[in-house]
Amino acid sequence: EMYRWQKLYNVIPSNDLRDFALNVTFDQLVAITNHQLSDIAPRYHLIAGNMKDMRIADLDAGEERPVETLSGGESFIISLSLALALSEISTDRCHLQSLFIDEGFGTLDPETLEMVLHTLNNLVSSGRTICRISHVDKLKKDIQVRIEVKPGSGTSNIKIVGN
């Protein structure tokens, strides 16, 4: 038994196997993120050589740029796609039923907002619960059951709308 473990130890240096597994998982995450992006905003494609070197290909503009240069709306779209991809990867281990999204919708142009809402509605149709926090009127009208928080004198007033 000791011989087998020693042979394994000599063949696989201590961090190589871990790093290999992380890289495979990261590559899978990028692939699923790009699949999500193709539904939400097909003009973008995530390119990642590794976890520290991530770039965005803007297919409409024909250019690549670092993720640090993304606008607020672009960052929201990429972050949402990454979150959806992480959720999909994790379903092998546990089933995530809920997704909470805090703001970000106001940074989207009307066309992109429609694509994001379509994607989120598909998730709701598949049985997921999507909780959205937003000040965007279009989103308020689209949500069947919502909690409205209005400032009062010293305290906030809470109203549940819908069924």
Side-chain angles (χ1 to χ4, degrees), residues 24-163:
V24 167
T25 303
F26 182 71
D27 290 345
Q28 182 184 17
L29 176 67
V30 171
I32 295 170
T33 297
N34 281 323
H35 177 74
Q36 294 293 340
L37 275 172
S38 70
D39 290 340
I40 298 172
R43 75 180 280 181
Y44 299 109
H45 185 83
L46 181 62
I47 301 167
N50 58 52
M51 291 178 229
K52 294 180 181 179
D53 179 29
M54 299 174 84
R55 303 180 64 70
I56 291 297
D58 184 336
L59 304 177
D60 287 358
E63 67 180 17
E64 281 183 29
R65 55 195 165 105
V67 294
E68 294 82 14
T69 65
L70 295 174
S71 69
E74 291 169 328
S75 293
F76 178 78
I77 291 167
I78 303 304
S79 296
L80 177 62
S81 298
L82 278 164
L84 294 173
L86 279 169
S87 172
E88 191 170 321
I89 285 175
S90 69
T91 57
D92 292 341
R93 291 169 203 89
C94 65
H95 191 64
L96 298 177
Q97 291 287 55
S98 303
L99 179 64
F100 290 82
I101 303 171
D102 186 2
E103 293 297 344
F105 298 100
T107 61
L108 304 175
D109 62 76
E111 182 181 318
T112 305
L113 179 60
E114 284 299 322
M115 286 188 275
V116 167
L117 291 177
H118 178 72
T119 300
L120 295 177
N121 288 335
N122 285 343
L123 289 171
V124 169
S125 297
S126 71
R128 294 241 176 103
T129 299
I130 308 293
C131 299
R132 301 173 245 180
I133 299 170
S134 183
H135 296 95
V136 176
D137 286 332
K138 173 144 180 60
L139 279 177
K140 291 179 194 176
K141 294 173 186 167
D142 186 52
I143 299 171
Q144 293 175 357
V145 178
R146 63 185 182 272
I147 300 169
E148 293 182 354
V149 180
K150 306 234 184 215
S153 56
T155 61
S156 298
N157 298 310
I158 296 175
K159 178 181 171 186
I160 298 177
V161 179
N163 50 2

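Listed by chain and residue number, nothing satisfies the ring pair (Phe, Tyr, Trp, His ring centres under 6.0 Å) test with Tyr44 (two or more places apart in sequence, or in another chain).
For the pair Val149 and Ser156, the tightest heavy-atom approach, listed with the atom from each and the gap, is CG1-CB, 3.7 Å. Across all non-hydrogen atoms, the minimal contact from Thr69 to Pro66 is OG1-O, 2.7 Å. Of all the heavy atoms in Leu37 and Leu46, the pair that sits closest is CD1-N, 4.0 Å. Between Leu59 and Pro42, the shortest heavy-atom distance links the atoms CD1-O, 3.6 Å. Between Ser81 and Ile40, the shortest heavy-atom contact is OG-CD1, 3.8 Å. Closest approach of Ala41 and Ile77 over heavy atoms only: CB-CG2, 3.9 Å.
With values rounded to the nearest 0.5 angstrom, Ser79 atom OG is found 10.5 Å from Ile101 atom CD1. The line from CG of Asn34 to CD1 of Ile78 is 8.0 Å long, rounded to the nearest 0.5 Å. In this structure, the separation between CD1 on Ile160 and CD on Glu148 is 10.5 Å, given to the nearest 0.5 Å. Taken from OG1 in Thr112 to CG in Leu117, the straight-line distance is 11.0 Å, to the nearest 0.5 Å. Atom-to-atom distance recorded for Asp53:CG and Ile47:CD1 is 9.5 Å, nearest 0.5 angstrom. The CZ atom of Phe105 lies 9.5 Å from the CD1 atom of Ile133; values are rounded to the nearest 0.5 Å.
Considering Asn122, Leu120, Asn121 as possible partners of His118, the one that fulfils the side chain to side chain contact (heavy atoms under 4.5 Å, CB included) test is Asn122.
Contact check for Asp58 versus Arg43: side-chain heavy atoms found under the 4.5 Å cut-off. Looking at Ile56 and Glu74, their side chains never come closer than 4.5 Å, going by heavy atoms from C-beta outward.
Between the side chain of Thr155 and the backbone N or O of Gly152 there is no donor-acceptor pair closer than 3.5 Å. Between the side chain of Ser38 and the main chain of His35, a donor-acceptor pair closer than 3.5 Å is present.
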Worked check of side-chain contact (heavy atoms from CB on, under 4.5 Å) between Leu80 and Leu84: CA-CA 6 Å; Leu80 177 62; Leu84 294 173; 4.1 Å; yes
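Atom CD1 of Ile130 has more than 12 heavy atoms from other residues, nucleotides or ligands within 6.0 Å. For Glu111, the CD atom sits in a loose shell: 12 or fewer heavy atoms of surrounding residues, nucleotides or ligands are nearer than 6.0 Å.
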